[in-house]
Every structure is written in C-alpha cells, then in structure tokens.
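Whatever order the structure lists them in is the order used to number ligands and atoms, beginning at 1. Bear in mind that the values here come from a model prediction, so they are computed numbers and not experimental data.
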Amino acid sequence: MAADKTDTLYAVPSSLSAKVVGSFAYLTVRDRLPTILTKVIDTIHRNKNIFFETYGEEGIQAEKQTIALLAKMRNELLTDKPVVPLTDSLQDTESWNRYLQRHQRLQGDQEFVSWFRSPWLYVECYMYRRIQEALWLNPPISDYDVFNEGKCQSFFESQQAVITLCTYLEGVKKNMKEPSKNHQFEHFNKLLLVSLWGNRCDLSISAGQENAQKTSPIDSLSSLQPFILVDDSSMVWSTLSSTQRPVQVTQCRVDIVLDNAGFELVTDLVLADFLVSSGLAREIRFHGKSIPWFVSDVTANDFQWTIRQTMAANNKWMSKSGVQWQRYLKEGVWSYQDHPFWTQPHEFCDMAADAPDLYTTLQGADLVLFKGDLNYRKLTGDRYWDHTVGFDTALRGFGPAPLCSLRTLKANVQVGLQPGQGEKLTLQDPDWMTSGKYAVIQFCSPKSGH
Ligand SMILES: O=P(O)(O)OC[C@H]1O[C@](O)(CO)[C@@H](O)[C@@H]1O
Ligand SMILES: [Mn+2]
C-alpha cells in the first residue's frame, strides 16, 4: 500500500504505520516486535525454577499462564488481528480502552484497529502494556520485570565507560573551584553530548541484543560531531545561564524525562550532577516509567539499583559519584517520579488534556530535557512530517516549559532540518533515520517559539 501522507481528520500528516509495506514501522511490527516477545517468553520460562522456589506450585502455574497469554498476543500480532481492550484493572486500564475507542472512531467502521493497520506508535506501546497485563493477571509474578536481566547486563558491560565518565566528572568538579563562564560552558557542552550519545545504547532497536558503551565516551565526542544534524545546545545553555544568579541562590529546576537504563542512565546522572554542582541548577527531577517499557527504559527500581551499584563500585571515583547521588536524593535536590502517562501511547500534544497534573508539574521546570527516540516520536506525534517543518510546529502546542530533545535517530520521523538536508542524507546514507548513527539536539521555548 502506498503511503497516505495526509490525514484530513487531523489536518496534520498521518501517523507512521506498518500499513506502509517495507517501511521501518512495517519491519518493526513484522520482525522486531515478535522477536522481543519471543525473548520475553523465553526469559519467563528460564526463570521457572526461581518462581517455583519462591512461590511453589502457584509460581509454576503463573509462569505457564503468562506464557500462554503472551503466545496468544504474538499470534494476534503476526496475523494482524484486531487490537483488543485490556482486561486487567490497573490505574490506566480505562484510559487505554478509551484510547482504543478513539482510534476505532478515527478509523471508521470498515476497519478494525489492528497491529498492521493502525499507528505504529500506538500498537508498539500497546504490546508493552499487554506484556504487563499478562503478568498482572497472574499473581504472584505480577511485579516481575522481564527486561531486568538485559538492563543489568548493559550496565555491567559499560563498566569501563562509566568509570571514565565518573573520573572525568571528578576532574571537572575540581576545576570548578575557580569557575569561569567559558569553562563552565565547555564542560556543560561535553556532558550534554555524552548524555546525547548515551542514547545509542538502547536495547529495543537491537531487539534485546547487547548494546553497551565500550569506548571512552569523552574521547569519541569530536568524531561524532559531524553526525549531529541539528545542534541547539547554545539555546539550552542560554536558558540555563540566564536563570542563573549567584551560585547560592540559583532557583533553576531542570526536569529530565529519562529513557534507557544501563550506560545512558549514568550519562544522565552525570549531567544532572554537573548541573547541580556547577550551580546551573538547584533542583533536578527525573521522570521514569512505572512499568517495564521498550525493553531498556528506566523504572524506579532500575534508578535505585543503578545508584546503589555505582556506590558499591570498586573504583574510587565511581563510588564517590554514587554516594553523592544518593545524598542528592536524600536531601531532595534530586527526586525521581513516574506517571502513567509516560507509559501510554499518547502524543505529547495530548498531555495537557489527558494528563493535566503531569503537564502542570512540567510547567514548574525551567528546562525539560527529553531523552531518546521514543520521546521524540511522542513529541512530534510520530507522523510523516516534512523534514523542513519546524520543531515547534511538530510539537502542536506542547510546551509546558522550555524543552530540549536529546535523541539519536532510530525511527523515521525528523523535523527541523535545512531545505535539502534530508534529501542529501537519503542519497548518502539511506538508513540515516533509523541506524542510531545520527543525532539531534532540538530546543523549543514556549516564549520564543523557536
Ligand atoms: O530507547 P529509545 O531511544 O527511545 O529507542 C526506542 C526504540 O524503539 C523503537 O520504537 C523501535 O522499536 C524506535 O523508535 C527506537 O529504536
Ligand atoms: Mn528506550
């Protein structure tokens, strides 16, 4: 089927969808999602003995029934069956089911909302929520994180890079004893870039294959510079430094909407540490996921675990960083929160209406950093935008505070490019939007509309 690139119902481009045969969305739904589901089933099965040891026969029953539900979903996906309502009764169940009805209305009566015919963003999110449903319907294993092993492995495999980064942070902090604006900017820029490129280390794009940081995250920065397609870092810096008063009285609050656990999370924590210790920010709020999500995304458990592991490390600078992070949390300088909206399929332009409390929370920030590809897809609605359309246009009114997306490209949506830039990239490197090789730092402020 040819790409239908407009959608009269929205008067904005239509959503990326697996209905476009051969598209990245199509290949993801056809190949990558079933592979992820098979791995989830395998993980649960491999842990059968642990379930038995912990919960006895009940644990074995739960394992069997969860696998049966997941296998059923895998089959529904492969045969493009209709998307069905959720049957658990969690906090967000009704909202998911209302969302399904909304999509059913948009698609009309002739066509069911289904895996290959409906928006990719929606069905992909739905798959992760259905994994959760399968577990929830089978206590006692409802809290089991099927992606935990992979996330821990990715952290341990990046150990050397983490040590390099913590050692670098320590050096920066020593240097800051006589701070100059230029130095501060240089350090800020480096750590922002490290956090940006940390986003290459997700486990969803590789369908759960290991994807750790093995080289020095600082040394590789200059060679990566040509792959940054839009670089609004100077505007991020202006936002931070204009709210900065003398160090002791700075009021600036930065919110970081986290993406992946493992190395990427460490890069975010290091950036957050720098923002506070340099006096650029007074408070950092981290936003994570309330259920395991897109294979490697950070949950509360991953967040605490990572800090504990960092504290317990057998390296002086790494453990020192961990101790400092724990202290920030204890003092309330840092805080972690989650909200069901982050694990729903909505575009962010729906947030003000569908999660007004979260929108209000974000309005209290001076800057919101959105990490990663999925957040970018939700910021832009995962639509067939022309590459030259402005980032502010694609946000469709979403702007609780000045915001910046730090994203390596892993899905074929990209806005805010120069005329001809996208075409040139397509000629040079046909996979530029999905390989994770390119990145953007895109800023938008509700005041400047930039
Ligand atoms: O962790 P990130 O950067 O949000 O990436 C998630 C990945 O999952 C995908 O949705 C693909 O399944 C892509 O958008 C991206 O490759
Ligand atoms: Mn992710």
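Selection from Asp259, Leu33, Leu27, Val29 by nearest heavy atom to atom 2 (P) of ligand 1 gives Asp259.
Neither the backbone nor the side chain of Arg407 has any atom closer than 4.0 Å to an atom of ligand 1 (non-hydrogen atoms only). Only the side chain of Glu124 comes within contact range of ligand 1, with a heavy atom under 4.0 Å; no backbone atom does. Both the backbone and the side chain of Leu374 come within 4.0 Å of ligand 1, judged by heavy-atom distances. In Asp373, the parts holding a heavy atom less than 4.0 Å from any atom of ligand 1 are both the side chain and the backbone.
Heavy atoms of other residues, nucleotides or ligands lying less than 6.0 angstrom from OH of Tyr144 number more than 12. Shown here is Glu94, whose CD atom has no more than 12 heavy atoms of other residues, nucleotides or ligands within 6.0 Å. Taking a 6.0 Å sphere around CD of Gln428, one finds it holds more than 12 heavy atoms contributed by other residues, nucleotides or ligands.
For a distance bound of 2.8 Å, the N, O or S atoms of Asn260 include one lying that close to the Mn ion (ligand 2).
Using a cut-off of 4.0 Å between Lys/Arg side-chain N and Asp/Glu carboxylate O, Arg285 and Asp255 are scored as not salt-bridged. A salt bridge is absent between Glu133 and Arg129; no separation between the charged side-chain nitrogens and carboxylate oxygens falls under 4.0 Å. For the pair Lys437 and Asp431, the salt-bridge criterion is not met [side-chain N within less than 4.0 Å of a carboxylate O]. With salt bridges taken as basic N to acidic carboxylate O contacts below 4.0 Å, none links Glu111 and Lys19. Looking at Arg200 and Glu264, no side-chain N of the basic residue comes within less than 4.0 Å of a carboxylate O on the acidic one, giving no salt bridge.
Between Arg32 and ligand 1, at least one N/O pair is under 3.5 Å apart. Not one N or O of Asp297 is nearer than 3.5 Å to an N or O of ligand 1, by distance alone. Geometrically, ligand 1 and Asn199 share a nitrogen or oxygen pair separated by less than 3.5 Å. Remark: ligand 1 and Trp120 share no N or O pair separated by less than 3.5 Å (distance only, no angle test).
Heavy-atom contacts of Ala411 reach the following atoms of ligand 1: 14 (O) (cutoff under 4.0 Å). Heavy-atom contacts of Gly372 reach the following atoms of ligand 1: 3 (O) (cutoff under 4.0 Å). Of all atoms in ligand 1, numbered sequentially from 1 with element shown, those under 4.0 Å from a heavy atom of Phe294 are 8 (O), 10 (O). Set against the non-hydrogen atoms of Thr28, the atoms of ligand 1 under 4.0 Å away are 12 (O). Atoms of ligand 1 found under 4.0 Å from any heavy atom of Asn260 (numbered from 1 in listed order, with element): 1 (O).
The atom of Asp259 nearest to the Mn ion (ligand 2) is OD1, with the search restricted to N, O or S atoms. Looking at Asp297, its N, O or S atom nearest to the Mn ion (ligand 2) turns out to be OD1.
Taking the six-membered ring where tryptophan is involved, the planes of Phe185 and Trp237 are perpendicular, since the angle between them exceeds 60° and thus also 30°.
Of the candidates Trp325, Trp334, Tyr336, Phe286 forms a ring pair (Phe, Tyr, Trp, His ring centres under 6.0 Å) with just one, namely Trp334.
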Working for salt bridge (charged side-chain N to carboxylate O under 4.0 Å, His left out), residues Glu149 and Arg46 | CA-CA 12 Å; Glu149 291 173 5; Arg46 264 192 297 106; 3.1 Å; yes
